[in-house]
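First comes the structure, then the notes that go with it.
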Amino acid sequence: MKRQMTTFVAAVPLTVVSLATCAALVPLPQSVKELQGCVRYSAPVYEQDASLGREAYRLRVGDNGIVITSSSKAGAFYAEKTLAQLRQTDGSYPAVEIEDWPAYPWRGFLLDEGRHFFGKETVKQVLDLMAYHKFNVFHWHLTEDQGWRIDVPGLPELVKYGSVRPESPSHGATLKKLADYQYRSESLNGIPYGPYFYSESDLREIVAYAKERHIKVVPEIDMPGHALAILAAYPKLACFPENIKRRMAWPDWGIFADVLCVGNDDTLGFLYRVLDYVCDVFPSDVIHIGGDECPFVNWAKCPKCQARMKAEGLKEAKELQGWLTTKVAEYLAKKGRRIMGWDEILAGNVPQSAIGQSWRTSNRNGSGTDLVSGGLGAERGHDMVMTPHDETYYAYQQGLGEDPFARDGEVLPLEKAYSFDPARSVSPSAKKRILGSEACLWSEYIWNEYDLAWRAWPRTCAMAEVLWRNPAPCDYSDFEKRMEVHRKRLIRMGVNCAPLK
Ligand code: ACM
Ligand code: ZN
């Protein structure tokens, strides 16, 4: 990058307010050296230094104006984001020297559009806010029991039947478990939902929008469970098609026994066709194939699944999930893609290249054969993204003094979100396998963009700092002070950010 002439720089009297208060940088850079004075105006000058990491940067604001040094466009982009937070209301910038780089390469935000659909404009707002906080992975959960959100050429039934549901749980209704794989909300609202889905041009637009912000879009196509929207479109892909009585996505939340039949060759054919399209539209090197919460009960009774087990020498029905995952991993590997899946996939004999996403027991090492903790997955050589539900599921309520968006269920306050350490309890030799984490916005109880912002912020700021700085000597009271200022900044940007407590 060529050095440009600085347009105009003027020294103005010393600032007495400390940077922590006036700039309230979130996430806090690795090294900040406060200088005296501030710069009134200067177009940044860009310099290259190949010795810096890909996402690292140096930012100097001082007598020479504003100088950004990086080895790549991503580093320069993050410097510009820091600069945006340094800008004071009078348009000046405090003089400062910053050296900065991220702790983790996977800094993600998960948005579930299966349960509720937010649409392109909200997704773009999410991407803008992600970029502002230096996130680089948008994990897009696009398929669920309650909704299928992409229009795959040649498979029109997917959106015709799968993107619509007859109704949804009522606002405030509590979900009860009646028996295994039988859940019911206290009441359903009687309001048809959908059709809601993204066209190919929508998807390409979002991918391009994200790329401009140095964000990779990792699509998630959940299989073989959470598949009732698929089965509404293609009942023959169920072990027992007669169970699929309604040609619409499922109206209630939960886990359901009807899943994809792994004994049916058409299931693989269907999945390959969907994944061909997904690979065409999403350039991501990683494709998320879900894999969570898949009951095996139907596989144990289904003649086709039994025949598959016999042919493949599998002893238990649950081994069918590992068999399917491996098939899909091999198919995607031929296209140069790598699979990622929830920690359930690690219970099967899947290729070591598979990335695990630990949501049940990321940080605790002990586990049985069915429950592979994040730490154990890493020790077995899998790269891991750590999203333990009790520390990263920001759909949980925040424990606020007053919360107009409150609901029953688990509580995850800001301070707990901030104390999260993705590599806690992972053995030293396996720590290198920990790619990072995600702010997870599951949307059963997130009805619209206001709910979404309220739940996401400020906790996603905590995640931004954990992923950028961790391990770091940041103390919560310092974060809280910066967040008081930063929250006002978010509110001025139109974000429905919740209070800190
Ligand atoms: C999950 O929360 N079922 C991944
Ligand atoms: Zn079957």
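Note that the numbering runs from 1 along the sequence shown for the chain. One-based numbering, in listed order, for ligands and for the atoms of each. If you're wondering where the values come from, they're calculated on a predicted model, not measured in any experiment. Below, all heavy atoms of this structure are taken into account, side chains as well, without hydrogens, waters or symmetry copies.
Between Asp292 and ligand 1, an N or O atom pair is found at a separation short of 3.5 Å. Residue-to-ligand polar distances keep Trp359 apart from ligand 1: every N/O pair is separated by 3.5 Å or more.
A ring-ring contact (aromatic ring centres under 6.0 Å, His included) with His139 is found for one member of Trp106, Trp342, Trp442 and no other, namely Trp342. Lys501 pairs with exactly one of Gln398, Glu415, Glu480 by the side chain to side chain donor-acceptor pair (under 3.5 Å) rule, that one being Glu480.
Rounding to 10 degrees, one finds that the Zn ion (ligand 2) sits at the corner of an angle of 110° between Cys305 SG and Cys261 SG. Vertex the Zn ion (ligand 2); arms to Cys239 atom SG and Cys302 atom SG; angle 110° (nearest 10°).
The pair Arg204-Asp280 meets the salt-bridge criterion, with a side-chain N (NZ, NE, NH1 or NH2) lying under 4.0 Å from an Asp/Glu carboxylate O.
For ligand 1 and Glu293, the ligand atoms under 4.0 Å from any heavy atom of the residue are 3 (N).
The cationic atom of Arg455 (NZ for Lys, CZ for Arg) does not lie both less than 6.0 Å from the six-membered ring centre of Tyr394 and within 45° of the ring axis.
Side-chain contact between Val159 and Val152: absent, with no pair of heavy atoms (C-beta onward) separated by less than 4.5 Å.
Ranking the protein heavy atoms by distance from atom 2 (O) of ligand 1 puts Tyr393 OH, 2.7 Å first.
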